[in-house]
Amino acid sequence: FLINFMISPRILFYMPSFSGGGAERNSVLIANELTRLGYSVSIVVDNLAGPNIKILSDDVQKRELYGNTHLAHILSLRKYIKIFKPNIVFSRVGLSNIKALLATFLTIPWKNIVISYESLYDPVAKTGGRLAYMFSFLLTRIAGATIAVSEDVKYEIVSRFKASINRIYVLHNPVNLELIRSQALADKPLWLNNKKYILSAGRMIYQKDHVTLIRAFSLLSKKLNFHLVILGEGPKRKEIENLARDLGLCGRVHLPGYLENPFPIYQGADLFVLSSISEGFGNVLIEAMSLGIPVVSTNCPGGPKEILDNGKYGKLVPISAPNALADAILSTLANPIDPHILRLRANEFSVEYIAKSYLKLLSISP
């Protein structure tokens with residue numbers, strides 16, 4: 001709907017860094033795929049830090065902006081845009097939406113800028129991130145299009161912040177299924193040998209609500225000879241460790257931290273559980289499903305109910321409800337969904353499939 005190109009366009013992605021967030025990984029995966037399809041793609045970041053740079057294709061150009069202030073980044077981005085001459089600019093993550101529009105002023109038409117919202121509004125987020133939501137009523141009317149990663153994210157910025165509904169499109173996050181399935185073939189850690197376990201993955205922060213997961217697991221600990229593995233790091237680690245100890249779960253709850261390749265652990269799990277109170281999307285559910293692992297999730301605001309098609313592909317339970325979560329875990333372990341059905345559902349979120357949605361949005365034919 002933006003531009004019909006007679007020649008291969010130049011596409012620029014702008015984001016703060018290559019940090020471990022879903023938005024950054026999403027951008028890298030889409031950039032890799034568009035490059036594979038023959039487009040000229042550049043990723044521009046405020047700094048090159050972050051693990052997602054490791055999965056960036058060598059064929060994708062990358063550029064680090066100079067300076068340590070937002071103004072310096074805007075001026076540096078503006079200068080690079082004049083050199084690269086992109087036909088389309090995708091901005092990702094919070095304040096980048098505002099910075100991209102300022103940097104492109106009078107350089108390329110704003111109708112060729114695509115801004116994005118990857119999560120629900122977080123009142124304790126950094127000021128820049130909150131500003132991008134507060135001013136979405138204006139930003140969504142200036143930019144050519146706005147991407148929301150789930151229907152709930154779209155609904156929030158429209159209903160709460162009065163964003164322009166006519167210019168917002170829901171494009172789900174992509175998952176590199178081929179990479180996940182190949183990495184899952186590696187050996188899982190020796191400490192998991194001969195153990196049956198339930199898995200969860202996500203930063204140890206309030207939104208992930210691992211406390212409810214620990215309490216649900218405690219309710220099941222005498223009924224099931226299972227362990228619980230939670231992958232990730234974050235400020236709530238100590239609280240989670242203390243709760244597991246207080247509930248008598250020492251030796252049954254394992255917190256190995258952040259792993260660059262978690263998928264051998266995924267592959268060995270009997271069940272994956274997402275206990276969040278809110279999610280922008282919920283990529284971890286797709287990662288588990290891609291390996292045929294049954295899933296249970298809270299019916300939190302965000303993407304999980306879309307991924308699971310309102311419970312068709314996994315049970316959905318109320319947030320912060322340990323008893324309901326425990327019941328769903330027990331029921332799913334007893335009657336898991338066919339792994340083949342889960343893999344087929346995960347295929348609908350492949351990077352190849354989602355990249356086509358991006359191209360459709362831009363009226364570009366690969």
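Throughout, numbering of the chain's residues begins at 1 and tracks the sequence. As the structure is a prediction and not an experimental result, all values here were calculated from the model. The figures that follow rest on heavy atoms only: side chains count, while hydrogens, waters and symmetry mates do not.
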With a 4.5 Å limit on heavy-atom distance, are the side chains of [X] and [Y] in contact?
| X | Y | answer |
| --- | --- | --- |
| Tyr266 | Val284 | yes |
| Leu56 | Asn32 | yes |
| Arg130 | Asp122 | no |
| Glu33 | Leu37 | yes |
| Ile30 | Ile354 | yes |

Using side chain to side chain donor-acceptor pair (under 3.5 Å) as the criterion, point out the one residue from His254, Arg252, Lys195 that pairs with His227.
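That would be His254; it is the only one of His254, Arg252, Lys195 passing the side chain to side chain donor-acceptor pair (under 3.5 Å) with His227.
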Ignoring hydrogens and angles, state whether a donor on the side chain of Thr212 or Asp209 is under 3.5 Å from an acceptor on the partner side chain.
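Thr212 vs Asp209: donor-acceptor pair found between side chains.
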Under 3.5 Å, is there a donor-acceptor pair between the Tyr155 and Ser150 side chains?
no
Is the shortest side-chain N to carboxylate O distance from [X] to [Y] below 4.0 Å?
| X | Y | result |
| --- | --- | --- |
| Glu151 | Lys305 | no |
| Lys99 | Asp46 | yes |
| Arg181 | Glu178 | no |
| Arg237 | Glu241 | yes |

How far apart are the C-alpha atoms of Ser91 and Asn97, what are their side-chain angles, what is the distance that settles it, and do they pass the side chain to side chain donor-acceptor pair (under 3.5 Å) test?
CA-CA 5 Å; Ser91 67; Asn97 289 331; 2.6 Å; yes
Is the backbone N or O of [Y] less than 3.5 Å from a side-chain atom of [X], with the two atoms forming a donor-acceptor pair by type?
| X | Y | value |
| --- | --- | --- |
| Ser136 | Leu139 | no |
| Trp110 | Gly144 | no |
| Ser221 | Ser218 | yes |

Would you mind listing every salt bridge (charged side-chain N to carboxylate O under 4.0 Å, His left out) that reaches into residues 67-96, with sequence neighbours excluded?
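Checked against salt bridge (charged side-chain N to carboxylate O under 4.0 Å, His left out) - neighbours excluded - the pairs reaching residues 67-96 are Arg92-Glu118.
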For Tyr121, enumerate each residue passing the ring pair (Phe, Tyr, Trp, His ring centres under 6.0 Å) test, keeping only those at least two apart in sequence or located in another chain.
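Listed in chain order: Tyr133, Phe161.
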Do Glu352 and Arg36 pass the salt bridge (charged side-chain N to carboxylate O under 4.0 Å, His left out) test, and can you show the C-alpha distance, the side-chain angles, and the key distance before you say yes or no?
CA-CA 10 Å; Glu352 295 83 3; Arg36 188 187 70 81; 5.6 Å; no
